[in-house]
Amino acid sequence: MPSDTENSLLDYHPQQYGDDPTSIRDTNKYTDEYVRGFVEKWDELIDWDQRMESEGNFFIEELRKRGVRKVLDVATGTGFHSVRLIEAGFEVVSADGSPYMLAKAFENGRRRGHVLRTIQADWRWLNRDVTGRFDAVICLGNSFTHLFSDRDRRKALAEFYSALKHDGVLVIDQRNYDSILDHGFDSKHQYYYCGDQVSARPEHMDEGLARFCYQFPDGSTYHLNMFPLRKQYTIDLMRQVGFQRVDTYGDFQETYHEADPDFFVHVAEKC
Ligand code: SAM
């Protein structure tokens, strides 16, 4: 049974973007974008087995290849990757800035027989709340896109960098925003991450905002305002904060045509 505090934390309330939703370009907005209704519905429809099948063992293999044991999941969300990695034998600490997400992740973990080690931490001040050094930091599910200023992105990356051991690795994924900005949105790309029950499409795109609309089979709709990270910009930032080598995969493949992939995964090594 959730406590009174948990219940008030988990209260249903609508997303609020005001009269001019495209003017909301704020790093702090994420905490109230993931309202309970959105997250519950998302988790209900995105079958974890199906998601597991579409990404295969990509992350597990990348981590094993580098001898990783201790992983810090900085964008735990509802716990998909934390649970996957625990089940693959990694030691995982699960962080997120949203207490509601962490509560949901804990519940999902418990249902599968795991006790997640959760820490509420905003990336910009990560090392204030997370102690210890990790072999890998993962930031997956198009999460880094929630940071709206160059300064916040540099600050978060510097925090990820210092949470890593001297030979650690950072894994960040992102939607292929270059393709949407330069060529428009192609609906064949919409299902990789959300399954075929949820339609995810951009409602507004400019160089400073990707506002996506998520539509569920019962007709309910939710939105996310995100920053459309260009691929080369993300790579340059990682190099600038000190990562020595950055490999970028397109839909988990080493070779790809720039416009084709739905998602990019960056694997950045400290040395
Ligand atoms: N990784 C999960 C997945 O793939 O299902 C969750 C992805 S969800 C799109 C993004 C997550 O990043 C949310 O749980 C949100 O709370 C978290 N997040 C966004 N900005 C953050 C910040 N500045 N600090 C900490 N967590 C943040």
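Positions are given from 1 along the sequence. Numbering of ligands and ligand atoms starts at 1, following listing order. Basis for what follows: all heavy atoms, side chains included, without hydrogens, waters or symmetry-related copies.
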Quick one: does [X] get an N or O within less than 3.5 Å of an N or O on ligand 1?
X: Met101; result: no
X: Arg124; result: no
X: Thr27; result: no

Candidate with minimal heavy-atom separation from atom 7 (C) of ligand 1, of Ser143, Gly77, Ala95: Ser143
Among Lys104, Lys29, Arg51, whose heavy atom sits nearest atom 5 (O) of ligand 1? Arg51
Atoms in ligand 1 flagged as close to [X], the criterion being non-hydrogen separation under 4.0 Å:
X: Leu140; value: 1 (N), 2 (C), 4 (O), 7 (C)
X: Thr76; value: 2 (C)
X: Ala75; value: 1 (N), 2 (C), 6 (C), 12 (O)
X: Asp122; value: 22 (C), 23 (N), 24 (N), 25 (C)
X: Gly97; value: 25 (C), 26 (N)
X: Gly141; value: 4 (O), 7 (C), 9 (C)

Inspect the contact between [Y] and [X] and indicate whether a charged nitrogen and a carboxylate oxygen are less than 4.0 angstrom apart.
X: Arg128; Y: Asp122; value: no
X: Arg84; Y: Glu87; value: no
X: Asp178; Y: Lys231; value: no

Assess the pair Phe58 and Tyr249: is the distance between their ring centroids shorter than 6.0 Å? yes
Quick one: are the ring centres of His146 and Tyr34 less than 6.0 Å apart? yes
Heavy-atom contact check, 4.0 Å cutoff: does [X] meet ligand 1?
X: Thr78; answer: no
X: Ala121; answer: yes
X: Phe80; answer: no
X: Glu33; answer: no

After noting the C-alpha distance and the side-chain angles of Tyr214 and Phe38, does the key distance pass the ring-ring contact (aromatic ring centres under 6.0 Å, His included) rule? CA-CA 9 Å; Tyr214 300 84; Phe38 186 19; 5.6 Å; yes
With rounding to the nearest 0.5 Å, note down the distance linking CG in Leu140 to NE2 in His81. 5.0 Å
Kindly indicate whether a cation-pi arrangement holds for Arg211 with Tyr17, taking the cut-offs as under 6.0 Å to the six-membered ring centre and within 45° of the axis. yes
If the plane angle is over 60° it's perpendicular, under 30° parallel, otherwise tilted; pick one for Trp123 and Tyr30. parallel
If the condition is ring pair (Phe, Tyr, Trp, His ring centres under 6.0 Å), which residues does Phe134 pass it with, not counting sequence neighbours? none
